[in-house]
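Below is one structure, written out as structure tokens; the observations come after it.
If you read the sequence from its start, that first residue is 1, and numbering goes on from there.
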Amino acid sequence: MSEETGVGAFSQATGRSLEDGSGQHQHRYRAYQFELISRHCGASVLEVGAGLGEFASQFTGLRRHVVTDVDPAAVEQMRRRFADRPEVEARHLDLAGALPDTGAPVSTVVAINVLEHIEDDSEALRSLSRLVEPGGTIVLWVPGYMQLYGDFDRRVGHVRRYTPDTLRAAIVGAGLRPTTVRPVNLLGGIAWWLAVRRGGVGSPRPGLLRVYDAIIVPVTRAVESRVTPPFGQSVLAVATVPLSGPLSGPLSGPNSSGPA
């Protein structure tokens, strides 16, 4: 599929423009995400919906790192951003069409805030499993709980928010084995509910994000390193690809792009 089909997808899926999409108000949150996700990653990683490479920039020491997005402008920005990193490849990837040749299968696929945009999420996971070595992993980070679904979700094209049970069902439906599925960021979920659902804020504002990043994220990181919350703003999952190899089925499925 032509890269032109993804023009504007980054802004549509994230509510941010390419110019102001650096995420400067979320340094601690991104480090917290990385701490939880990177421990499940192997030596080669393909990131789906990598946006501008904000999360990807935290990886070091990988043998191979493929960053992808459906938006060609975002891909070009990542290509420039990682020009001095020989292990990083920036590629266009559109889950709405046949998946491109991305070279040898990777140890891990990472998809942060991607699956919630996709109608047939199990089919998308089945397609992504073709990009992973047998026994490798797909690591997912998705918005949690329909009680938090609001105008922002609708505006950026979220089909759903997940519970651990609904995300586990999507993984099993793709023929993958869920090894970790749990809520994360309880305090963030409460803050989101107060600001967006009850407070009528149409999207996260820079001032709120600064306060959240400076105060709530460090507390969350400390508490959730000891206990798993019963509820959260997001759900984290790790799915293992069968040792028998990639699953059969078409290399196609609906698509999304970038963090939201």
Side-chain angles (χ1 to χ4, degrees), residues 3-26 29-30 33 37 47-56 67-75 77-78 92-97 110-121 123-125 128 140-163 166-167 170 183-185 188-210 212-213 232-237 253-260:
E3 293 189 11
E4 294 305 311
T5 59
V7 171
F10 173 84
S11 296
Q12 180 180 355
T14 66
R16 298 182 289 156
S17 71
L18 289 166
E19 291 73 24
D20 65 10
S22 62
Q24 67 269 31
H25 308 302
Q26 296 178 284
Y29 178 73
R30 196 172 303 116
Q33 270 189 321
I37 290 172
E47 187 177 343
V48 183
L52 304 183
E54 298 154 348
F55 179 84
V67 291
T68 74
D69 202 88
V70 68
D71 191 322
V75 174
Q77 286 209 26
M78 288 192 290
H92 180 261
L93 189 150
D94 184 357
L95 286 177
V110 173
I112 300 173
N113 295 329
V114 171
L115 204 63
E116 68 275 9
H117 294 269
I118 300 174
E119 287 285 354
D120 192 342
D121 46 6
E123 178 59 30
L125 290 172
L128 288 175
L140 304 167
W141 181 287
V142 296
Y145 298 89
M146 286 301 291
Q147 296 95 319
L148 302 180
Y149 192 97
D151 289 340
F152 177 77
D153 295 276
R154 281 185 285 272
R155 183 160 60 84
V156 299
H158 289 176
V159 177
R160 68 186 75 76
R161 298 179 75 97
Y162 286 88
T163 65
T166 58
L167 186 53
V184 290
N185 200 4
I190 294 170
W192 181 273
W193 185 79
L194 289 172
V196 178
R197 295 292 286 126
R198 300 293 295 175
V201 176
S203 63
R205 294 174 180 168
L208 292 175
L209 288 175
R210 279 192 290 269
Y212 169 77
D213 202 58
Q233 186 181 13
S234 302
V235 179
L236 169 69
N255 181 56
S256 158
S257 167

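Side chain of His158 to main chain of Gly150: no donor-acceptor pair is present (N/O by atom type, distance under 3.5 Å, no hydrogens or angles). Under the 3.5 Å distance criterion, the side-chain polar atoms of Tyr212 are left unmatched by any main-chain donor or acceptor of Trp192. The main-chain N or O of Tyr29 is found under 3.5 Å from a side-chain atom of Asp213 such that the two form a donor-acceptor pair. In this structure a side-chain-to-backbone donor-acceptor pair under 3.5 Å is missing from Gln77 to Val75. Put simply, the side chain of Asp69 gets close to the backbone of Gly51: a donor and an acceptor are under 3.5 Å apart.
Here Gln33 contributes atom CD and Gln26 contributes atom CD; the two are 8.0 Å apart, rounded to the nearest 0.5 Å. The distance from the CG atom of Leu52 to the CG atom of Asp71 is 9.0 Å, given to the nearest 0.5 Å.
With respect to the salt-bridge test (charged N to carboxylate O, under 4.0 angstrom), the residues Asp151 and Arg154 qualify.
For Phe55, the ring-ring contact (aromatic ring centres under 6.0 Å, His included) test picks out Phe34, Phe59, with sequence neighbours left out. The side-chain contact (heavy atoms from CB on, under 4.5 Å) test applied to Thr68 returns Leu46, Val48, Val66, Arg91, Leu93, not counting sequence neighbours. Taking Ala237 as the reference, Leu140, Leu167, Ile171, Val181 meet the side-chain contact (heavy atoms from CB on, under 4.5 Å) condition, with sequence neighbours excluded.
A side chain to side chain contact (heavy atoms under 4.5 Å, CB included) with Arg160 is found for exactly one of Asp153, Asp121, Val142, Thr166, namely Asp121.
Counting all heavy atoms, side chain and backbone alike, Met78 lies closest to Ala50 at SD-CB, 3.7 Å. Of all the heavy atoms in Pro183 and Tyr145, the pair that sits closest is CG-OH, 3.5 Å. Taking both residues in full, the closest heavy atoms of Leu125 and Ala170 are given as CD1-O, 3.8 Å, listed atom of the first, atom of the second, then distance. Across all their heavy atoms, Gly49 and Val114 have their closest contact at CA-CG2, 4.1 Å. Nearest approach of Gly189 to Gln233, heavy atoms of both residues: N-CB, 3.5 Å. Across all non-hydrogen atoms, the minimal contact from Pro143 to Asn113 is CD-OD1, 3.7 Å.
Cation-pi check for Arg161 over Trp193 is not met; the charged atom does not lie both under 6.0 angstrom from the ring centroid and within 45 degrees of its normal.
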